[in-house]
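Here the structure comes first, spelled out in structure tokens, and everything after it is commentary.
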2 protein chains.
Amino acid sequence: MPRDPDLLFRTLADPTRRGIFEQLCRRGEQTVAALTAHAGVSQPAVSKHLAALKQAGLVRDRPEGRQTHYSAQPKALAPLADWTQQMASFWDARFDALEDLLKRMDQ
Amino acid sequence: MPRDPDLLFRTLADPTRRGIFEQLCRRGEQTVAALTAHAGVSQPAVSKHLAALKQAGLVRDRPEGRQTHYSAQPKALAPLADWTQQMASFWDARFDALEDLLKRMDQ
DNA sequence: TAGATTCATAACCAGTCAGTTATGAATTAA
DNA sequence: TTAATTCATAACTGACTGGTTATGAATCTA
């Protein structure tokens, strides 16, 4: 159930790639050409980033004629949110344990 | 307010480094030697990872004699959670807009 | 059909980075 | 003081990867 967030972290670590994903989240489905217009890198670079995002499940592609439409799959971010939550909860648990100990010592 | 999550993503992208951070979240403050015992890499590698984590604000160091104790600062994960939340909300907003449009068309 | 457009892939390059060993500084122990 | 321990840094290396240009396949248009 707590899926491995490794691929997710690696995929989102690159700012250009993260920018493309953000663009898709903000503006919705877009073609490669539209994404390239904002990405600041060449079209092949964008295609490679899209392939990486697809590999991580963060986007879906919808081929239509000679163009391909991509859209974000924000659901795929769940393992990331889970991981973050888990780290915080570990910390909280220890904090609670300390609080508990202090209370006990106070008695 | 929405701080830049770039350094955070880059820092957490490496599995070894993320493992060290997880260890600190789970077990609390630990020395470099203790962390090295679990990391599966050399002590200098661990020291470098700790320096990176510290740079990102994810850990604090507490020098004590010849050893240095490190502890997690999970608060530093906030921008990550914020970013994730924001991506989801962008998506939801568009979804709502679509829903709205459909309702309007239905009238 | 011929030409233009859209995208993906191949091939290559340069910079980054995580790992190593070697070493030294600072502290503790004998 | 001498020896041992703990950690950080320097120097180096090899792998990875994000960028490029070149190219080709597929599709649309004139």
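So you know, we letter chains A, B, ... as the sequences are listed, proteins then strands, and number each from 1.
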> Along nucleotides 25-30 of chain D, 5' to 3', which nucleotides get a B, which get an S, and which get a -, given that the test is a protein heavy-atom distance under 4.0 Å?
Replying inline: --BB--

> Can you give one letter per nucleotide of nucleotides 11-17 of chain C, going 5' to 3': B for a protein heavy atom under 4.0 Å from the base, S for sugar-phosphate only, - for none?
Replying inline: -------

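Rounding to whole angstrom units, CD of residue B:Q43 and C1' of D:dA8 are separated by 7 Å. Rounded to a whole Å, the CG atom of A:L50 is 14 Å from the C1' atom of C:dT9. Between A:I20 atom CD1 and D:dG19 atom C1' there is a gap of 12 Å when expressed in whole angstrom units. For the pair B:Q67 CD and D:dA4 C1', the computed distance is 14 Å after rounding to whole Å. The nearest whole Å value for the distance from the CD atom in B:Q30 to the P atom in D:dC7 is 11 Å. The NE2-C1' distance, from B:H69 to D:dA8, rounds to 16 Å in whole Å.
What you find for A:G57 and A:Q73 is that their closest heavy atoms are O-CB, 3.5 Å. Heavy-atom minimum distance, B:A13 versus B:R18: O-NH1, 3.4 Å. Shortest non-hydrogen contact noted between B:Q67 and B:T31 is OE1-CG2, 3.8 Å. The minimum heavy-atom distance linking B:A76 with B:A56 is given by the pair CB-O, 4.4 Å.
B:T16 has a side-chain polar atom (N or O) that falls below the 4.0 Å cut-off from OP1 or OP2 of C:dG19. For B:Y70, no side-chain nitrogen or oxygen approaches OP1 or OP2 of D:dT6 to under 4.0 Å. In terms of phosphate contacts, B:T31 brings no side-chain nitrogen or oxygen within less than 4.0 Å of OP1 or OP2 of D:dT6.
Partner of B:M87 under the side chain to side chain contact (heavy atoms under 4.5 Å, CB included) criterion, chosen from A:L80, A:L58, A:L77: A:L77. The only member of B:L8, B:L12, B:D14, B:D6 that meets side chain to side chain contact (heavy atoms under 4.5 Å, CB included) when paired with B:R10 is B:D6.
Which of D:dA22, C:dT21, C:dC7 sits closest to the side chain of B:P44 comes down to C:dT21. Among the nucleotides C:dC7, D:dT21, C:dG19, the one closest to the side chain of A:A33 is C:dC7.
The structure places CZ of A:R26 at 11.5 Å from CZ of A:F21, a figure rounded to the nearest 0.5 Å. To the nearest 0.5 Å, the span separating NE2 on B:H49 from OG1 on B:T36 amounts to 10.5 Å.
The closest side-chain donor-acceptor pair between A:Q43 and A:S47 falls under 3.5 angstrom. With 3.5 Å as the limit, one finds no donor-acceptor pair spanning the side chains of B:Q30 and B:H69. Under the 3.5 Å distance criterion, with hydrogens and angles disregarded, no donor-acceptor pair is assigned to the side chains of A:Q85 and A:S89.
Using a 4.0 Å heavy-atom cutoff across all strands shown, B:S47 reaches at least one base atom of the nucleic acid. Heavy atoms of A:S42 sit under 4.0 angstrom from at least one base atom. Across all strands shown, A:A45 has heavy atoms under 4.0 Å from base atoms, whether or not it also approaches the sugar-phosphate.
Listed in residue order, the members of residues 52-62 of chain B having a heavy atom less than 4.0 Å from DNA chain D come to none.
Ring orientation note: the planes of A:W83 and A:F9 are nearly perpendicular, at an angle over 60° on the 30°/60° scale.
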